Structures are given as C-alpha cells and as structure tokens.
Amino acid sequence: MNKKLDYNYCKAGPVIEWMSRKWAVAVLLRIEESQNNDREASRGIRFSDLFRTIPHLSEKMLASTLNYLEYEGLIVRTEHDSKSPCVEYSLTTIGESFLREISYVIEWGQLHFDEIQKNREKKSSALL
C-alpha cells in the first residue's frame with residue numbers, strides 16, 4: 001500500500017509526490033518539448049513518440065505514468081477521430097505552471113550533474 005503524505009500537515013504533498021514519481025517529470029518535460037517544437041499546430045504528442053524518445057521506459061510504465069498524470073490534472077488525453085484514430089497527450093495549464101516552477105530545480109541539477117555523478121562513482125567504488 002502506498003503511503004501518502006499528510007496533506008493537512010503538508011499542503012505541498014501532491015507536488016512532492018509528482019516530483020518523486022520516477023518517470024513523471026521526464027514524461028512531462030518530453031510533452032512540453034514536443035509542444036514547444038510544434039506550437040503552430042498546438043498539438044500534443046502520441047504515445048508511440050513518447051515511448052520512442054524516453055530511453056529505458058517500458059510501455060507499461062509509460063501507460064501507467066500517463067494515466068497518473070492525467071488523473072492528477074497535469075496532462076490531457078485527446079482522442080482524434082480520423083481515418084487512423086490517434087490519441088495525443090498535452091500539458092494542462094497547471095502542468096505548464098508546474099514545469100515552469102521546477103525549472104530552477106532542473107537547471108540546478110544540470111549545473112551540478114558532473115559533481116553528482118562523481119560523488120555517486122566515489123560511493124560505488126567504495127562499496128566494491
């Protein structure tokens with residue numbers, strides 16, 4: 001059973017849960033990147049495109065993550081009726097706002113990436 005944070009104690013609980021879910025931020029960032037690259041069409045991204053562009057993510061985990069993000073209101077799933085029906089995912093306003101706010105954390109991670117990796121390698125070699 002998954003323990004949830006006490007929302008009465010910590011109103012930031014849902015945000016902490018979003019950030020701690022293994023693939024959630026990576027999927028959100030990929031959807032955002034897709035939307036930024038295709039602003040004129042204002043379209044989302046298809047499941048197959050997401051799957052193809054996020055390394056080491058299984059189809060089952062991607063489907064689970066997309067369902068979670070949709071349930072949480074960070075993305076919207078749009079079904080298009082055409083000759084070949086398709087489903088696309090795009091960010092909601094709150095999803096866009098969330099990514100805008102955590103962009104500082106992402107920048108910090110990129111800035112300190114080499115140092116973080118060196119520390120991990122140091123700890124890994126000490127365990128051997």
Side-chain angles (χ1 to χ4, degrees):
M1 182 170 157
N2 288 340
K3 282 189 174 182
K4 294 233 180 230
L5 293 170
D6 181 348
Y7 296 160
N8 291 322
Y9 171 74
C10 180
K11 297 292 184 197
V15 175
I16 293 167
E17 290 167 353
W18 298 341
M19 291 179 69
S20 63
R21 190 160 176 121
K22 185 172 182 178
W23 293 102
V25 174
V27 170
L28 288 170
L29 287 169
R30 182 61 190 102
I31 292 170
E32 178 187 48
E33 180 183 303
S34 169
Q35 286 181 213
N36 289 341
N37 290 341
D38 196 14
R39 271 293 179 211
E40 308 79 47
S42 67
R43 296 179 57 153
I45 185 169
R46 292 180 179 198
F47 182 96
S48 59
D49 294 329
L50 276 169
F51 178 68
R52 189 174 52 256
T53 58
I54 302 175
H56 311 291
L57 176 59
S58 71
E59 287 185 47
K60 182 178 178 181
M61 183 55 72
L62 176 56
S64 170
T65 301
L66 289 168
N67 287 335
Y68 172 77
L69 294 171
E70 182 183 15
Y71 174 82
E72 292 290 314
L74 297 168
I75 64 170
V76 65
R77 179 182 189 270
T78 305
E79 294 183 39
H80 297 283
D81 294 326
S82 60
K83 286 183 181 177
S84 58
C86 74
V87 174
E88 293 180 329
Y89 298 90
S90 55
L91 296 174
T92 61
T93 304
I94 196 170
E96 290 173 351
S97 174
F98 172 67
L99 287 179
R100 196 169 36 255
E101 295 303 321
I102 69 163
S103 66
Y104 301 107
V105 174
I106 294 167
E107 285 179 36
W108 183 90
Q110 292 168 338
L111 181 65
H112 296 283
F113 180 81
D114 292 336
E115 183 180 355
I116 293 167
Q117 290 302 97
K118 283 180 191 173
N119 288 332
R120 286 179 173 181
E121 289 169 12
K122 227 187 303 185
K123 293 292 181 185
S124 290
S125 64
L127 294 174
L128 297 177

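Everything numeric in this text was worked out from a predicted model, so none of it was measured. If you read the sequence from its start, that first residue is 1, and numbering goes on from there.
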Note to self: Membership question, hydrophobic clusters at under 4.5 Å side-chain separation (ILVMFWY): are Phe47 and Val76 in the same one?
What the structure shows: no

Note to self: Same cluster or not: Leu69 versus Ile16, using hydrophobic residues (I, L, V, M, F, W, Y) connected whenever any side-chain heavy atoms lie under 4.5 Å apart?
What the structure shows: no

[atom2] on [Y] to [atom1] on [X], rounded to 0.5 Å:
X: Leu91; Y: Leu99; atom1: CG; atom2: CG; result: 6.0 Å
X: Asn36; Y: Glu96; atom1: CG; atom2: CD; result: 8.5 Å
X: Thr65; Y: Lys60; atom1: OG1; atom2: NZ; result: 12.0 Å
X: Ser90; Y: Arg77; atom1: OG; atom2: CZ; result: 12.0 Å
X: Ile31; Y: Tyr89; atom1: CD1; atom2: OH; result: 8.5 Å

Check: Mind checking what makes side-chain contact (heavy atoms from CB on, under 4.5 Å) contact with Ser64, not counting sequence neighbours?
Finding: Arg21

What pairs of donor and acceptor atoms, side-chain ones from residues 108-115 against any protein atom, are under 3.5 angstrom apart with sequence neighbours left out?
{"unit_1": "Trp108", "atom_1": "NE1", "unit_2": "His112", "atom_2": "NE2", "d": "3.2"}

Check: Between Ser34 and Gly44, what is the shortest heavy-atom contact and its length?
Finding: OG-O, 4.1 Å

Checklist line | Heavy-atom pair of closest approach, residues Thr92 and Gly73 | finding: OG1-O, 2.6 Å

Taking only distance into account, with no hydrogens and no angle test, what donor-acceptor pairs under 3.5 Å do side-chain atoms of residues 6-14 form with protein atoms, sequence neighbours excluded?
{"unit_1": "Asp6", "atom_1": "OD1", "unit_2": "Asn8", "atom_2": "N", "d": "3.0"}
{"unit_1": "Asp6", "atom_1": "OD1", "unit_2": "Tyr9", "atom_2": "N", "d": "3.4"}
{"unit_1": "Tyr7", "atom_1": "OH", "unit_2": "Glu17", "atom_2": "OE1", "d": "2.7"}
{"unit_1": "Tyr7", "atom_1": "OH", "unit_2": "Glu17", "atom_2": "OE2", "d": "3.2"}

Next item on the list: May I ask you to test the Trp23-Leu62 pair for a side-chain heavy-atom distance under 4.5 Å?
Entry: no

Notebook entry, point to check: Is the shortest heavy-atom distance from the side chain of Glu32 to the side chain of Leu28 under 4.5 Å?
Noted result: no

For residues 49-59, dump all side-chain donor-acceptor pairs below 3.5 Å to protein atoms at least two apart in sequence or in another chain.
{"unit_1": "Asp49", "atom_1": "OD1", "unit_2": "Arg52", "atom_2": "NH2", "d": "2.3"}
{"unit_1": "Thr53", "atom_1": "OG1", "unit_2": "Arg30", "atom_2": "NE", "d": "2.8"}
{"unit_1": "Thr53", "atom_1": "OG1", "unit_2": "Asp49", "atom_2": "O", "d": "2.9"}
{"unit_1": "Thr53", "atom_1": "OG1", "unit_2": "Leu50", "atom_2": "O", "d": "3.3"}
{"unit_1": "Ser58", "atom_1": "OG", "unit_2": "Met61", "atom_2": "N", "d": "3.0"}

Note to self: Does Ile106 have more than 12 heavy atoms from other residues, nucleotides or ligands lying within 6.0 Å of its CD1?
What the structure shows: yes

Next item on the list: Name all residues meeting the salt bridge (Lys or Arg N to Asp or Glu O under 4.0 Å) criterion together with Arg46; count only those two or more places apart in sequence or in a different chain, and write none if there are none.
Entry: none

Next item on the list: Identify, with sequence neighbours excluded, every residue that meets side chain to side chain donor-acceptor pair (under 3.5 Å) alongside Glu72.
Entry: Trp18

Checklist line | Residue pairs, two or more places apart or on separate chains, that pass salt bridge (charged side-chain N to carboxylate O under 4.0 Å, His left out) and touch residues 99-112 | finding: none

